[in-house]
Amino acid sequence: SLASNILYPVETESRELRTLHGLWNFKISPLSNQLIGFDEKWYTVRFETLGDYWKMPVPSSYNDVSTNSTIRDYVGWSWYQYEFYVPKRWTDDQLNVFLRFGSVHFKSIVWLNGQLCVDHEGGHLPFVGDATRFLKYGEPNLIVVAVNNTLRPDTVPQGYTKFPNNTYKYPNGYRIYSHEFDYFDYSGINRAVHLYTTPKSYVCDITVLTSFENNYSEGVVDYKVDICGNNVSQCNITLLDTNRNIVVESNTCSGQLRIPNVIPWWPIMSGKQHIAYLYTFQVKTNNENSDYYRMRIGVRTLQWTTKELLINDEPLYLRGFGKHEDSIIRGRGYDDALSARDFYLIKWLGANSFRTSHYPYAEETLQQADSEGILVIVESAACNLRIFGPDVMKFHKGVMTEIVNRDKNHPSVIMWSLANEPYNNIEVSVPYFRELYQHVRTMDPSRPITFVNSQQIQNAKAIEYMDILTLNRYSSWYSDSGHLELIQHQTYNELEAFTKKYNKPILLTEYGAGAISGLHSLPETMWSEDYHVTLLQEHFKTFDSLILNKIPILGEMIWNFADFKTPQEYIRPGLCVKGLFTRERQPKMAAYVVKTRYDTFRNNS
Ligand code: GCB
């Protein structure tokens, strides 16, 4: 995979772009013969000639599309293929053609016309292969993708395969596969597949870092443009405002732009006339066959202290939730309609933020967050890490590198979360997270870094080396179930103690209750919508007294935005039902209560 070549594919006067979306052919290999596809060279044959294949949409997870439980629960090598044409004009020897996957879960190997083009391991992140010499121009092309979603102790996230030797309970050779995170591990080609052309010398990376001078009247954009390929002389950089008027220009591939009377990027509804203003950063390579690339950027700063997180020097209070990429049928498959609906709901609630629990979300989602002014905490897929060692560290560092490379230029991204609920009550987690923190800090000096805690305060380790405290806490749900009267007491004490102990501000990244839509009970009992509402309201009272007493709390994030699918287990009815919205994205009673609160913040700021 071309690691630094990860700019989102766009169409410009020098680039053509097409997607390979549609119904692909799909095969799974029997668990007893996992390597059959490699032995029989499935990457060279049309599945029509092999038989025993399904139709599978791309992009989509494969799990919930068919009626077959083997496919739903499949863990192992599955195979996708598709036939397509590319235009003859792409044979031009002045062009590159790149093949780009937004994400394939989890490991993938990609062949074009029987030849290995690219491979990648790690879900939720894009990768690119150079397809130029593998394609047949003006003839049918066969793309084959082998996908393996088996997680291991050295991957992020971790998974475990066991072969129990109790033959009384399990047949010989029976495989038990497990992981600790509690969301369904949707697999397959989950995001966009693009083919795009570029000139031989082309823009392959851009890094911007923004700041202000002269009392916020002047914007400063420090930038670096990487050009790949041969014979590049120079760059023409142009910054355009929303009316496409030129604001400032430059002739160097790296340097500084100064914007007089800058319009800063602000999160939604942060009072006054603030808007999420985006400029267009335009690059033109200055040679015979120029490449053009455009990217939207926002000018804003972030700072953090022992008490606050500030954007453009103003303190932030986050009102949001954790989400999932999850919906019926397509699972984790990216869908514009669903994504747009979610942003309408976020705005309807008056929320200003979410965390990409528990993995990096689609690039299209972050682009929309940039233009809507929604703040995002980007989390890696390290959910419930419990084994720490050099192998998983190597993988985890690679994942963080890919995340920062992909998301570094989004004004909406305000924090990196290295992990969710790792086993950080053990000593080995300390050097692990310190090293990982340093790795990310070296790549990005501009954003706070954390990992999300769940352990008791007295046992938490490594957290003191993070910039900001984050905590998931289920008072009156997983602990003291049914005791709504304890929420204020417990939450207040814990958040106060935590901030005092570490002298850092805290963000409650998860709290909530399961509520089955339509289930009511007065007085409240667990699983009813009524209990859900009261539990949230008790937390609201706590947050208000923390704020009143100047305990440094950075915000409140409810678990979860919407109901989402979980593995089969007896503590949940197939879904985690802690959503403010149902899985169909309709409001539960609690959504109205949250809207009232979040609207109050909006009106007071
Ligand atoms: C947590 C996890 C989240 C779960 C949630 C729950 O602490 O971070 O992934 O979904 O609890 O509902 O159990």
Side-chain angles (χ1 to χ4, degrees), residues 1-21 43 58-59 82-104 108-120 125-145 189 191-207 223-238 253-254 281-295 363-364 401-402 405-406 408-409:
S1 175
L2 307 165
S4 66
N5 193 9
I6 220 62
L7 285 178
Y8 189 76
V10 295
E11 227 166 12
T12 67
E13 47 276 66
S14 62
R15 295 175 172 226
E16 285 193 59
L17 177 69
R18 63 167 295 197
T19 61
L20 296 182
H21 297 175
Y43 44 91
V58 169
Y82 192 61
E83 262 191 304
F84 63 95
Y85 286 83
V86 288
K88 265 222 165 99
R89 63 176 182 278
W90 285 12
T91 29
D92 185 340
D93 60 7
Q94 296 305 306
L95 291 184
N96 296 314
V97 186
F98 291 110
L99 172 63
R100 187 188 199 269
F101 291 81
S103 92
V104 179
S108 46
I109 308 176
V110 182
W111 293 266
L112 274 174
N113 300 317
Q115 291 184 282
L116 178 66
C117 175
V118 60
D119 58 18
H120 182 259
L125 288 164
F127 58 93
V128 180
D130 187 344
T132 319
R133 68 198 149 98
F134 302 124
L135 289 170
K136 295 182 195 158
Y137 300 86
E139 287 175 58
N141 287 276
L142 185 69
I143 181 171
V144 178
V145 185
I189 305 179
R191 292 183 195 152
V193 185
H194 284 115
L195 274 176
Y196 65 94
T197 65
T198 69
K200 279 292 174 212
S201 284
Y202 64 101
V203 180
C204 55
D205 198 12
I206 301 176
T207 310
Y223 69 90
K224 179 170 164 289
V225 175
D226 291 334
I227 309 291
C228 294
N230 39 8
N231 62 51
V232 172
S233 42
Q234 273 177 352
C235 301
N236 285 346
I237 311 289
T238 314
C253 290
S254 59
F281 185 93
Q282 173 182 302
V283 186
K284 171 180 177 278
T285 61
N286 209 349
N287 49 8
E288 229 172 281
N289 194 6
S290 290
D291 187 25
Y292 288 80
Y293 190 88
R294 293 182 189 84
M295 181 177 83
E363 294 153 287
E364 293 83 353
T401 304
E402 288 182 36
N405 277 341
R406 192 193 73 156
K408 61 190 170 188
N409 296 320

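Within the 4.5 Å cutoff, side-chain heavy atoms of W90 are placed close to those of E16. By the 4.5 Å heavy-atom criterion applied to side chains, Y196 and V128 are counted as neighbours. Residues I206 and D226 fail the side-chain proximity criterion, which asks for heavy atoms closer than 4.5 Å.
None of V104, V145, I109 except one satisfies the side chain to side chain contact (heavy atoms under 4.5 Å, CB included) rule with D119; the exception is I109.
Taking the six-membered ring where tryptophan is involved, the planes of F98 and Y202 are tilted, since the angle between them lies from 30° to 60°.
Separation of atoms CG (D291) and CG (N96) is listed at 9.5 Å; rounding is to 0.5 Å. Atoms CZ and CG, from R100 and L7 in turn, are 8.0 Å apart once rounded to the nearest 0.5 Å. To the nearest 0.5 Å, atoms OG1 (T132) and NZ (K200) are separated by 5.0 Å.
The heavy-atom pair separating F134 from C117 by the smallest distance is CE1-CA, 3.7 Å.
Among residues two or more places apart in sequence or in another chain, the ring-ring contact (aromatic ring centres under 6.0 Å, His included) test is passed with W111 by Y43, W79. Residues meeting the ring-ring contact (aromatic ring centres under 6.0 Å, His included) test with Y82, sequence neighbours left out: W24.
Shown here is Q94, whose CD atom has more than 12 heavy atoms of other residues, nucleotides or ligands within 6.0 Å.
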